[in-house]
Novice: 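Questions regarding the structure given below will be posed in turn.
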Amino acid sequence: MSGPLLRVDDLHVRFPVSGAGLLGSGRRMLHAVNGVSFELAKGECLSIVGESGCGKSTTALSIVGLQEPTKGTIRYRDQPLNGADAPSRLQRAKAVQMVFQDPYASLNPRQSIHTSLAAPLRLHGVTSASEISDRVEVMLNSVGLTPDQAKRYPHEFSGGQRQRIGIARALILEPEVVVLDEPVSALDVSIRAQIINLLLDLQEKFSLSYLMISHDLSVVEHMSDRVLVMYFGQIVEEGGWQDIFEAPAHPYTRRLIAAIPKPGFSSDEMAQKTDPTPGLPSGRGFVSDGSNAPDVFVAPAPSELVEFAPGHRVRLSPAD
Amino acid sequence: MTEALLDVRDLRLGVVQKRATLHAILKGVSFQILPGEAYGLVGESGSGKSVTSLAIMGLLGKPLSVTGGALLFKGQNLLDLSKREMRRLRGNRIAMIFQEPMTALNPLATVGRQIAEMYMLHQGKGRQEAQELAIEALASVRVPNPDRRAKDYPHQMSGGLRQRVMIAMALACDPDLLIADEPTTALDVTVQAEVLRLIKDLCAERGTAVLFISHDLGVIASICQRVGVMYAGCLVEENETKALFQDPRHEYTRGLLGALPQLGSRSQNGRRRLVDIDSIIADRSKLTETSFIVPRRPQGGQA
Ligand SMILES: Nc1ncnc2c1ncn2[C@@H]1O[C@H](COP(=O)(O)OP(=O)(O)O)[C@@H](O)[C@H]1O
Ligand SMILES: Nc1ncnc2c1ncn2[C@@H]1O[C@H](COP(=O)(O)OP(=O)(O)O)[C@@H](O)[C@H]1O
Ligand SMILES: [Mg+2]
Ligand SMILES: [Mg+2]
C-alpha cells in the first residue's frame, strides 16, 4: 500500500468550560487539541509525549471514536473515520483498537475472560462456537496466557496479567492500528519489561501500527520509530526517535529530554550534556520556549511546522 | 568514622495480632544514614519501602507492628520513646513528605498558615513572626510571589507547587532527617526535575540527611549518594549509587537494571530485549537468601 495507514488532518477538539468568561457572559472554550496533523505508517510505532493535560488522550480518543472532534479529519486507508461518512462502530472496531492504562477499567468484572474476548467476535458475525474458542485460545497464547485461564474473572488476575488480557481484547478482531494510552504506566519495573517485550513481539508478528502515549520517555525511546511532542494542544516537534532524543530542537522538547532522570548520571552531568540550541532559519522564532504556559482558551498565533532535517519538523512562527 | 544519624538495625515488622506475628513483612532490614547524607531505598511495589519509613516515623498503624530490631536516631532507640516524645521528634528532628501532598495538607487552611503553624508549634514563635517565616520558607522553595501564594488554599495550587509547600513545611524546623516517600511520582517529568533539584539543593545547604524512597532508579540516582535495593522485605544489595549501576552484584539488582529501558542505550547498541526477571531467576523465593551489602568506606558522608 502506498500512503499512510492513518492520516489525521488539522484535528481540533474544544471543550466548553463551565462558568462565565473573564469578560462577561461569553462561553469559554478550552482548546484541548489545536490543529494536530500527523500520519501513521503500516507497522510503525509513533509515540506522543508531552505533559499531562496537553491533549494526548483526547487525540487518542478521537481516533478510536470515543471523542467527537470539533474540526478536522481522520482517515484510515483513505476512508474517513469521523464526520458524516464515518463507518459504524462495528466497522471501525476492525480497523482501530485501544489499550488503556488501567486494564481493569476496560474489562467487565462480571464477565469471564472468555466471554470478554468472545463478545467482539460474535458481534462481527463469528457464530461457530468452536471457531470462537479456537480464536480465543490462540489469542490468549499470543499474549502469554494459558487457555485454561479463560474461565476466570478479571479480579483473579494480577496487574500484568490484566494488561495482557486488555491487549488480547484489543487484538482479537485483528485490527491494523492499536492506540496504546500509557500501556505500562501502572506496572512495576519487572512486569513493565514483560509487557513492553510482548507489545514489540506482537507488533512484529501481526505487523501492527502503534500510536502510543506515554509519559515515560525511556519507554518511548525504546519502542518508537517516530515521536510527536505535544505542548498545550499543538505538536511542537516531530521526528524520528533519534532526532527527538539526540537532537531535540524545540526548547520544550529540550527541557523535556533534559528533565529525564538517568541512572548513572547526576543531574549536573546531564545539564552539561545539553548542546546549544540549533540555529533557526532566518526570520523564524520558536513559537514558545515552554517557560510560560500559553492561554489554552484563545487560538494560537500563526505558526507552522518547519522541516529541519528530513522527517524532523519543528513548530516555528515568523519572528517579529 | 562518623557516627550514623540513623542506624536501622535488623528491623523486623509484620502483621501482628494478640502478640503473634501472622505475617512477616520486613525480615531484618539494616542500613545506616550519616549526617547530611542522601540515602535511597529502591524496590518494586510491596517490597517494604513505605513500611520502613512509617516505622522510623513511629506511624505504623494496626495491624502492623515492629517485632524486632532497633531504630537508633542519634544513638537513641526510637522504639523506646513514648508516643509524646515521638510526636515532638516528628516534624521537628525528623520530617516526612509523601507522594500525594493533599493527604497531608489541611484543605481548609491557607498554605501560609499551615507553614506558620510549624514555627508556632515546634519553635514557639509568635503568630506575626511565624507568618513572616512562612513567607520566607515559601520563597526558599522557589514559589513565585510567596507573599501572595501564602494566602492560597491547597486546592488552588498545582501538584508541583503543593509538593513545594510540603517541602517548606518539612524543612521549617531544620530537621536532621527528611524522609521522602515517592515525592515526585505523581508529577510530570519537568516538574519532577525541579522538585528533585530543590530537595537536593536545600538539604545540601542545610546539611539535612535524606531517606529517599522511590520505585524509580533514575530518580534515586539523581539525588542519592548511596542506595539500598529492597526485595520482599529484605535489603538485598547496598552500594554507592554509581557503583551499584556499574557493578550490580545481586541477581535481583541485575535483573532490575536489565528490565529498565535505559535512555541512550538504543542508539549505542540497538534495541535490546528487556530482561524478564522471572525468566532469568528460577526461584524468586530464594532471592532473599543472599545479600550484597558493600561495607561503607570509613570517611563516609559526602562521597
Ligand atoms: N471531557 C472533557 N471535558 C472537558 N475538558 C476535558 C475533557 N477531556 C479532557 N479535557 C481537558 O482537555 C485537556 C487535555 O486533556 P487530555 O487529552 O486528557 O490530556 P493528556 O492525556 O495529555 O494528559 C486537559 O486540560 C483536560 O482537562
Ligand atoms: N496495613 C497493612 N496491613 C497488612 N499488610 C500491609 C499493610 N501495609 C502494608 N502491608 C504489606 O506490607 C508490604 C510492604 O508494603 P509497602 O511498604 O507499602 O511497600 P512499598 O512501599 O515498597 O510499595 C506489602 O506486601 C503490603 O501488602
Ligand atoms: Mg492522558
Ligand atoms: Mg510505598
Side-chain angles (χ1 to χ4, degrees), chain A residues 49-54 144 159-160 184-201 214-225 231 240-242 245-247 252-271 273 290-291 293, chain B residues 42-47 158-160 184 186-197 200-201 214-225 227 231 241-246 252 255-267 271-281 284:
Chain A
V49 302
E51 57 208 78
S52 51
C54 73
V184 296
S185 301
L187 306 173
D188 261 317
V189 179
S190 60
I191 313 296
R192 199 172 66 187
Q194 294 167 353
I195 298 293
I196 291 171
N197 287 342
L198 175 67
L199 286 169
L200 289 171
D201 290 345
S214 175
H215 72 269
D216 188 331
L217 291 157
S218 58
V219 172
V220 170
E221 190 201 39
H222 184 77
M223 291 185 64
S224 315
D225 297 299
Y231 182 70
W241 65 273
Q242 279 179 305
F245 284 93
E246 280 161 29
Y252 176 68
T253 314
R254 296 161 68 81
R255 278 212 312 142
L256 209 58
I257 303 292
I260 309 169
K262 293 159 194 77
F265 286 106
S266 72
S267 45
D268 313 293
E269 285 170 316
M270 278 322 296
K273 274 175 75 93
S291 55
Chain B
V42 72
E44 295 184 86
S45 55
S47 58
S158 67
T184 60
L187 303 176
D188 273 317
V189 62
T190 52
V191 181
Q192 164 170 282
E194 287 160 14
V195 171
L196 290 175
R197 175 95 256 164
K200 193 174 175 176
D201 290 352
S214 176
H215 68 282
D216 187 331
L217 270 163
V219 167
I220 295 262
S222 65
I223 202 161
C224 299
Q225 286 114 34
V227 54
Y231 177 77
T241 312
K242 265 206 164 143
L244 186 100
F245 283 109
Q246 280 159 10
Y252 178 71
L256 203 60
L257 289 173
L260 286 175
Q262 284 188 20
L263 215 68
S265 98
R266 183 175 172 194
S267 64
R271 181 150 66 198
R272 88 192 144 82
R273 197 171 175 79
L274 300 180
V275 168
D276 176 352
I277 298 185
D278 288 330
S279 74
I280 60 160
I281 293 169
R284 269 200 184 227

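Every chain is numbered from 1 and lettered A, B, ... according to where its sequence line falls, protein lines coming before strand lines.
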Novice: Among B/A259, B/A193, B/G255, which residue has the highest count of heavy-atom pairs closer than 4.5 Å to chain A?
Specialist: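 So the answer, after comparing B/A259, B/A193, B/G255, is B/A259.
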Novice: By a 4.5 Å heavy-atom criterion (distance strictly below it), what part of A/L256 contacts chain B: side chain, backbone, both, or neither?
Specialist: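 Both parts, backbone and side chain.
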Novice: For a quick test of reading the model, state the closest non-hydrogen atom pair linking B/T190 to A/A259 and the distance between them.
Specialist: CA-CB, 3.7 Å
Novice: Please report the shortest heavy-atom distance between B/E44 and A/S190, naming the atom on each side.
Specialist: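 Between these two residues, the closest heavy atoms are OE1-OG, 2.7 Å.
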Novice: Under the rule for side-chain hydrogen bond (donor to acceptor under 3.5 Å, both in side chains), what residues qualify as partners of B/E194, not counting sequence neighbours?
Specialist: B/R164
Novice: Only one of B/Q262, B/R271, B/R266 forms a side chain to side chain contact (heavy atoms under 4.5 Å, CB included) with A/H222, so which one is it?
Specialist: B/R271
Novice: Is there a side-chain contact between B/S279 and A/Q194, using heavy atoms and a 4.5 Å cut-off?
Specialist: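 When only atoms from C-beta onward are counted, A/Q194 and B/S279 do not touch, as no gap falls below 4.5 Å.
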Novice: Out of A/E51, A/M223, A/R192, which one racks up the most heavy-atom pairs below 4.5 Å with chain B?
Specialist: A/E51
Novice: Identify the two heavy atoms, one from B/L263 and one from A/L217, that lie closest to each other, and give their separation to 0.1 Å.
Specialist: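 For B/L263 versus A/L217, the nearest heavy atoms are CD1-O, 4.0 Å.
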Novice: Heavy-atom distances under 4.5 Å only: say whether A/D201 touches chain B with side chain, backbone, both or neither.
Specialist: side chain
Novice: Of the non-hydrogen atoms in B/P261 and A/S218, which two are nearest, and what is the gap between them?
Specialist: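 The pair with the smallest heavy-atom distance is O-CB, 3.3 Å.
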Novice: Out of curiosity, B/I277 CD1 to A/I191 CD1, how far, rounded to the nearest 0.5 Å?
Specialist: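 If we round to the nearest 0.5 Å, B/I277:CD1 and A/I191:CD1 are 8.5 Å apart.
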Novice: Using 0.5 Å steps for rounding, measure from the CG atom of A/L198 to the CG atom of B/D276.
Specialist: 10.5 Å
Novice: Pick one: which of A/E221, A/Q242, A/E246 meets side chain to side chain donor-acceptor pair (under 3.5 Å) with B/S267?
Specialist: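 For B/S267, the side chain to side chain donor-acceptor pair (under 3.5 Å) test succeeds with only one of A/E221, A/Q242, A/E246, which is A/E246.
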Novice: State, with a plain yes or no, whether a side-chain heavy atom of B/R273 is found less than 4.5 Å away from one of A/N197.
Specialist: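 Contact flag for B/R273/A/N197 side chains = yes.
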